[in-house]
Visitor: 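Quick one: the structure is below, questions incoming.
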Protein chains: 2
Amino acid sequence: MKAAPRKTADLSAQIAQAIRDAIVSGELIVDARLPSEAELSDQFQVSRPTVREALKRLAAQSLIRTQRGASGGAFVNRLSFEDAYSQQVTTSTLLLSMNAVSFDTACEARYALERACAPLSAQRRTADQLATMRAEIFRQSQPGLTDEAFCASDVTFHRALVDGAENPVLSYQLAGAVEAMQPLMNMITFTARSREEIITLHTRIADALEAQDAETVDSALIDLEHYTRQLAQDVVESKRKPA
Amino acid sequence: MKAAPRKTADLSAQIAQAIRDAIVSGELIVDARLPSEAELSDQFQVSRPTVREALKRLAAQSLIRTQRGASGGAFVNRLSFEDAYSQQVTTSTLLLSMNAVSFDTACEARYALERACAPLSAQRRTADQLATMRAEIFRQSQPGLTDEAFCASDVTFHRALVDGAENPVLSYQLAGAVEAMQPLMNMITFTARSREEIITLHTRIADALEAQDAETVDSALIDLEHYTRQLAQDVVESKRKPA
DNA sequence: AGTTTTTATTTGTCTGACATTTAAAAGTCT
DNA sequence: AGACTTTTAAATGTCAGACAAATAAAAACT
């Protein structure tokens, strides 16, 4: 019978895992309809609230969707890149904020990954993506822009760079790395001078991408990484020695 | 407090979002205790089962943990890298299997990201990580190894390479890209000849990492990517023209 | 003081019910 | 027959109340 269950987890967690396994293994395919809550209660020998808790767990991961009414029920959801993006961003953001990840570590990861996209972006970037980048550079040059808006624009710029690789898997993986940095970047106060420097580098990147010059993009990204880390360093030091 | 009902979503989803926002915004910090289910029912003016469904949604994302008994309750969870890994892997795997992502696209993303780690790994890899890689290479050379076991060993090898960068953020981001490839790799039948080729390249990578020779690691990874894509290509063609 | 017992609190689960949504079946009129 | 309306059945969403089980703190008892 029950051969020593390692950890007596909640029933709802067990059931959720069983269904999750069925989905991952392909036993339940996309758009397949799960048995009704009443049927699942029977199958798993638990009450309907317990089944519902299990289903909500899966819904939270976008693995299923539910529909009311006759011929309604729970259906295996096609996990979209969009859904995965937002989960990835939420998870990455919390991961950084909760684990005291240093600015340098996060920054290193982000730029390493971004540089991985650069050669592909140089090859494939569309006119649309270039236009987005130019628009963001322009926005960044507007005086009176708050630091937060500047950071948000920075994220949009870099996402356009990443999307330029025209590889949805890369875009998905990078979404977390790029967006999760934003809260960390928001700690920095950008002077007019430092904004100017960043805009110069952004322009260099956009120009190089337009010219399909992968090497210049790479070197500009390296410079940008160093400059960003320097800025963060200055913030730390100015806090230690408040002028 | 009272979140305006944006769109007619489930109450449990609304409540989950409200709490999630409180966590992400820092209003609820790590290890903070949420109000009891009864209190939440009062605050949100819903029944306890509905509150519970909301909490299970959050538990599914590892945002909270629950404890029974007096002075128990739901606590904000410190999202660990480990938790995030496994979620990342599950999501990435499903994303690839459900969206008809081509082998080439996934492969390109994976090797682009892995190459981003290579220079850092060459600098920082520990003796332990090198040993892991050597051990996996040895395992891969064992005759009688199933294709699945070969792939699993391949994943372990590459994860050691990624971990060599000694950057937890990178390891986390890469976990999805590397592991999610495994089901796709499993479609390939590895001949003795192709295994030999892969092992040669793995050895080249391990040697170069030991010698801290980033450039050779990079070129070996490029070769490995090309070879892997060639193998996949052959599988496709042999299916079109069954011998 | 140290140990045991009690108690209160909180989550986990169950039963049963009603509300709401929705598609299909049944009915009605032209 | 065909188009429209009404009814019905099935399913999820929500609620109320209850009991079980775990657990820590308080109380009682050596």
Visitor: Under 3.5 Å, side chain of Glu37(B) to main-chain N/O of Arg52(B), donor-acceptor pair present?
Guide: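 No, because the side chain of Glu37(B) does not come within donor-acceptor range (under 3.5 Å) of the backbone of Arg52(B).
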
Visitor: Could you list where the contact with chain B starts and ends along DNA chain D, reading 5' to 3', using a 4.0 Å heavy-atom cut-off?
Guide: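 So the contact region on DNA chain D extends dG13(D) to dA24(D).
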
Visitor: Out of the candidates Asp31(B), Leu58(B), Leu63(B), Leu34(B), only one should pair with Val76(B) under the side chain to side chain contact (heavy atoms under 4.5 Å, CB included) rule; please name it.
Guide: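 With Val76(B) as partner, Asp31(B), Leu58(B), Leu63(B), Leu34(B) yield a single side chain to side chain contact (heavy atoms under 4.5 Å, CB included), made by Leu34(B).
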
Visitor: Take a 6.0 Å sphere around CD of Glu148(B) and say whether it holds more than 12 heavy atoms from other residues, nucleotides or ligands.
Guide: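 It does not: Glu148(B) CD has 12 such atoms or fewer within range.
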
Visitor: Across nucleotides 12-20 of chain C, 5' to 3', mark each nucleotide with B, S or - according to how protein heavy atoms within less than 4.0 Å reach it.
Guide: BBBB-B--S

Visitor: Would you mind reading off the distance between Leu34(B) atom CG and dT9(C) atom C1', rounded to a whole angstrom?
Guide: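 So the two atoms are 16 Å apart, to the nearest Å.
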
Visitor: Tell me if a side-chain donor or acceptor on Asp104(A) pairs with a main-chain N or O of Arg229(A) at a distance below 3.5 Å.
Guide: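 No, because the side chain of Asp104(A) does not come within donor-acceptor range (under 3.5 Å) of the backbone of Arg229(A).
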
Visitor: Test side chain to side chain donor-acceptor pair (under 3.5 Å) on Gln142(B) and Arg139(B) and set out the steps.
Guide: CA-CA 5 Å; Gln142(B) 295 297 97; Arg139(B) 177 174 305 167; over 6 Å; no

Visitor: Is the cationic atom of Arg110(A) (NZ for Lys, CZ for Arg) positioned less than 6.0 Å from the six-membered ring centroid of Phe103(A) and within 45 degrees of its normal?
Guide: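 No, Arg110(A) does not sit over the ring of Phe103(A).
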
Visitor: Answer with base, sugar-phosphate or nothing: what part of the nucleic acid does Arg65(B) contact at a heavy-atom distance below 4.0 Å?
Guide: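 Result for Arg65(B) = nothing.
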
Visitor: Check the side chains of Glu166(B) and Gln129(B) for a donor-acceptor pair under 3.5 angstrom, ignoring hydrogens and angles.
Guide: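 Yes.
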
Visitor: Side chains of Asn167(A) and Thr105(B): is there a donor and an acceptor less than 3.5 Å apart?
Guide: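 Not at all, the side chains of Asn167(A) and Thr105(B) share no donor-acceptor pair under 3.5 Å.
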
Visitor: Hey, is Glu53(A) close enough to Arg48(B) for a salt bridge, meaning N to O under 4.0 Å?
Guide: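 No, no charged N to carboxylate O under 4.0 Å.
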
Visitor: Can you give me the N/O atom pairs linking the protein to nucleotides 24-26 of chain C at distances under 3.5 Å, or say none if there are none?
Guide:
none

Visitor: Parallel, tilted or perpendicular: which one describes the rings of His158(B) and Tyr111(B), with boundaries at 30° and 60°?
Guide: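 Perpendicular: the ring planes of His158(B) and Tyr111(B) meet at over 60°.
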
